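This report refers to the structure that appears directly beneath it.
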Amino acid sequence: MKATALAHPNLALVKYWGKRDDALILPHQSSLSLTLSPLSVRTSVAFGVGESDAVELNGYVAKGSERDRVIRVLDTVRAEAKGQKLGPARMVSRGDFPASAGLASSAAGFAALAVAARAAAGLPADPRAASLLARLGSGSACRSVQGGLCEWMRGERPDGSDSYAVQRFDEKHWPELRMVVAIVSRDEKEVKSRDGMKNAVETSPYYAAWTKDAEAEVVRARDYIARRDLQALGEMCERNAWRMHATSLAADPPLCYLMPATLALIHSLREQRKKGVPVWFTLDAGPNPCILTDAAHEVAAEAVARACGATEVVRCVPGGDARLLAEHLF
Ligand code: PMV
């Protein structure tokens, strides 16, 4: 009745920014992401322990909405394994990178939770079911169940049963691809992604334009990845990140996740490209830019990030699937 899983975070190259259904976490658009190794989150789940559910995230007892989201995933598993009377659960999760800094820690966390909770309940390994389950915790988590490059299909059905992620290319398709994560701030972001995107959906005059091109953008990204065309992918990646942030800059109240060091790095990358260095940024709902490049230029990308004030830099390679581990956290 106990299982432990490890999952990597993912970073969207074509972003999800806005829900058409807040309760079921159904997106307005499809998105496409790269799974990032070596960053990872481990999560252990056991059913049938204690009086009530106990949830521990990175050494703290989870409260409020964080706890509620975990319980929702556990409840869904309990409902699916209904014959079994699984009982209260204990869940312990630990990540090796900063939470809430725009680095998709929740994506890796909920993907690991989904895989571990299903295994602890004796449900069969099933990437589609795990992706649907992870989505209920955090939308982008549905893309961390598998490795390589995954696409979250927005789906059409009101019940969300066709809104999950599939792997389009595994981690061996483009082994030289690199994502250099530049940490310019470890502060918790003030506006969580779910609030930021809601604000954009409800108030940004640019929101309709943002969703209009999203499906075509995913198809273009797939094509660039199939051809391993770093320049085309990099240019698209920057454009997509700018457009996502533009929806929020134009929202009411306006929301800006960029910090001075974020902008300094973005400008430096442009200068580097003029010298022929293939480096492009992407940016989630936080100030820490991630640099898309290749193996031959990851050291140069790290140097640029440090020169612009990054206090920590993590050079990531395409990561693999979420997987079960034999060692448990409790
Ligand atoms: O799934 P959430 O609530 O962590 O939202 C993720 C939103 C972005 O990271 C900004 C974009 C994305 O597609 O991952």
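Atoms within a ligand are numbered from 1 in the order they appear, just like the ligands themselves. Computed from a prediction, not measured in an experiment: that's the story for all the values here.
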Gly139 heavy atoms, cut-off 4.0 Å: which ligand 1 atoms fall inside?
1 (O)

List every atom of ligand 1 that sits less than 4.0 Å from any heavy atom of Ser193, numbering the atoms from 1 in the order shown and giving each element.
2 (P), 3 (O), 4 (O), 5 (O)

Ring center gap for Trp174 and Tyr224 short of 6.0 angstrom:
no

Under-4.0 Å heavy-atom contact with ligand 1, by part of Met244 that carries it:
side chain

Taking the six-membered ring for Trp, are Trp17 and Tyr257 parallel (under 30°), tilted (30 to 60°) or perpendicular (over 60°)?
perpendicular

A quick test of your reading: do over 12 heavy atoms of other residues, nucleotides or ligands sit less than 6.0 Å from CZ of Arg228?
yes

If hydrogens are left out, which of Lys19, Gln29, Arg194, Arg143 has an atom nearest to atom 12 (C) of ligand 1, that is, the closest non-hydrogen atom?
Arg143

Does any non-hydrogen side-chain atom of Leu34 lie less than 4.5 Å from one of Leu177?
yes

Is there any N or O on Asn10 that sits under 3.5 Å from an N or O of ligand 1?
no

Are any of the N/O atoms in Ser31 less than 3.5 Å from those in ligand 1?
no

If the test is side-chain hydrogen bond (donor to acceptor under 3.5 Å, both in side chains), which one of Glu302, His297, Glu298 qualifies with Arg178?
Glu298

Geometry only, no angles: is Ser140 polar-contacting ligand 1 at N/O separations under 3.5 Å?
yes

With heavy atoms of Ala285 as the reference, note each atom of ligand 1 found under 4.0 Å away.
10 (C)

Side chains of Thr35 and Asn10 only: does a donor on one sit below 3.5 Å from an acceptor on the other?
no

Can you confirm whether or not the ring centre of Tyr164 sits under 6.0 Å from the ring centre of Trp152?
no

For ligand 1 and Tyr16, I'd like to know whether there is a polar contact (N/O to N/O, distance under 3.5 Å).
yes

Proximity of Ser106 to ligand 1 by residue part, where a heavy atom lies under 4.0 Å
side chain

Which atom pair, heavy atoms only, marks the closest approach of Leu329 to Thr4?
N-OG1, 4.2 Å

Going by the atom numbers of ligand 1, which of them fall below 4.0 Å from some non-hydrogen atom of Ala12?
12 (C), 13 (O), 14 (O)

Atoms of ligand 1 less than 4.0 Å from Trp17 heavy atoms?
10 (C)

